[in-house]
There are 2 protein chains.
Amino acid sequence: MLVSMTTCFCTNLRLATRRLTAVYDAALAPVGINIGQYFLLRKIRDRRSVSLTELGQLAELERSTVGRNARVLERMGLVVTARGESDQREALVSLTPAGHTLLKDAQPLWEGAQGATASRLGMANLSTLQTVLEAI
Amino acid sequence: MLVSMTTCFCTNLRLATRRLTAVYDAALAPVGINIGQYFLLRKIRDRRSVSLTELGQLAELERSTVGRNARVLERMGLVVTARGESDQREALVSLTPAGHTLLKDAQPLWEGAQGATASRLGMANLSTLQTVLEAI
DNA sequence: TCACTATCCGGGTATATGCTCGTATCTATG
DNA sequence: CATAGATACGAGCATATACCCGGATAGTGA
């Protein structure tokens, strides 16, 4: 057996995620958001206006989790929430001008983290990684 | 460029981790612990008795995080904490009999999750994954 | 022995994540 | 149209994670 069955795949994955998250968070720190928030903001911008349920499906996150995360972004003044017009139950989230600006400022920082990661791991490793991750 | 630079490596990694964590957590649910707790318990058993600082280094987790996680295990009756004899500042954690028993019961469940993961991803993928994760 | 510094924890603060329950709203059916 | 079932949220509860601060204890050099 090539792979040691004594080390936990899941634990290794979790550790790598904590490490890489710290790298991206540090890169984004100058604009005051973390990688999870950056990702959410990008999803919201892509859709212009999304309900929490839809955002949860896009991000593959629990709806209530997304709701709380969106509230943090709202307190930061980066997004606003409005009731759906056709469906009053929906909480539609969209970017504020400040959100758009911050996202533009964040982009090169994120690209820096992506580039650093790519050069540290190597393109071959990265593409394998992406493939395997999709299979999980 | 083989790898798309529009998808975030970090976000993909985080998503895969959430998914795999859910798999392992579900596997361990019958004994009432999650994968993070299983990992901590194993580390504690390996060392028989460890300080929180040492445990944090082993797990590559913030010391205060480990302290809180250990408190949860203590409330569950799986570990006990004692002051260090030579160094009164240390909080030495060790397994209770219940902790030993639970860990034995958990082992086959964890092995099941490992096996399921291995067969789903394939050994080749897994070994590459492990290699890449170590580089992160 | 006495300060000074280093180390170990615990608690506070904040975010992240998932589960469950209750409420409001919508939808479809009789 | 009224009501039963489905759907969207929000809030409560628990854990996980990191950062910072302050108190207690160790260790060290004068």
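In this text the structure is predicted, and so the values were computed from the model without any measurement. In what follows, chains carry the letters A, B, and so on, assigned in the order in which the sequence lines appear, proteins first and then strands, with residues in each chain numbered from 1.
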Let's see if you get this right: which residues in residues 13-41 of chain B place a heavy atom under 4.0 Å from DNA chain C?
Arg14(B), Arg18(B)

Looking at DNA chain C, which of residues 55-70 of chain B put a heavy atom within less than 4.0 Å of it?
Arg63(B), Ser64(B), Arg68(B)

Heavy-atom pair with the smallest gap, counting every atom of Gly56(B) and Val66(B)
CA-CG2, 3.6 Å

Separation of dT25(D) atom C1' from Leu52(B) atom CG, nearest Å, is 15 Å

Side-chain contact test, heavy atoms from C-beta onward, threshold under 4.5 Å: evaluate it for Val79(B) versus Ser94(B) and give yes or no.
no

Locate the shortest heavy-atom distance separating Leu92(B) from Ser51(B); write the atom from each residue and the value.
CD2-N, 3.6 Å

Would you check if Gln57(A) and Arg63(A) make a side-chain contact, meaning some heavy-atom pair closer than 4.5 Å?
no

Distance in Å, Leu103(B) CG paired with Ile33(B) CD1, rounded so as to fall on 0.5 Å steps:
6.5 Å

Mind checking whether Lys104(B) and Gln107(B) have side chains closer than 4.5 Å, heavy atoms only?
no

Taking Thr96(B) for its side chain and Gly77(B) for its backbone only, find out whether a donor-acceptor pair lies under 3.5 Å.
yes

Flag the pair Glu90(B) and Arg83(B) as a salt bridge only when some basic side-chain nitrogen lies within less than 4.0 angstrom of an acidic carboxylate oxygen.
no

In terms of hydrophobic clusters joined by side-chain contacts under 4.5 Å, are Phe39(B) and Phe9(A) together?
no

Please tabulate, for side-chain N and O atoms in residues 10-31 of chain A, each donor-acceptor pair with protein atoms closer than 3.5 Å (sequence neighbours left out).
| unit_1 | atom_1 | unit_2 | atom_2 | d |
| --- | --- | --- | --- | --- |
| Asn12(A) | ND2 | Gln130(B) | OE1 | 2.9 |
| Arg14(A) | NH1 | Thr21(B) | OG1 | 3.3 |
| Thr17(A) | OG1 | Leu13(A) | O | 2.9 |
| Thr17(A) | OG1 | Thr17(B) | OG1 | 2.5 |
| Arg18(A) | NH2 | Ala59(B) | O | 3.0 |
| Arg18(A) | NH2 | Glu60(B) | O | 3.3 |
| Arg19(A) | NE | Glu60(B) | OE2 | 2.6 |
| Arg19(A) | NH2 | Glu60(B) | OE1 | 2.9 |
| Arg19(A) | NH2 | Glu60(B) | OE2 | 3.3 |
| Thr21(A) | OG1 | Thr17(A) | O | 2.7 |
| Thr21(A) | OG1 | Arg14(B) | NH1 | 3.3 |
| Tyr24(A) | OH | Gln114(A) | OE1 | 2.6 |
| Asp25(A) | OD1 | Ile35(A) | N | 2.9 |

Sorted by chain and residue number, the side-chain hydrogen bond (donor to acceptor under 3.5 Å, both in side chains) partners of Asn69(B) (sequence neighbours excluded) come out as none

Residues Asp105(B) and Leu109(B): closest non-hydrogen pair is O-CG, 3.8 Å

Contact span of DNA chain C against chain B, any nucleotide atom under 4.0 Å from a heavy atom, 5' to 3', runs dA6(C) to dG18(C)

Contacting residues from residues 83-98 of chain A, given that a heavy atom lies under 4.0 angstrom of DNA chain C:
Ser86(A), Asp87(A), Gln88(A), Arg89(A)

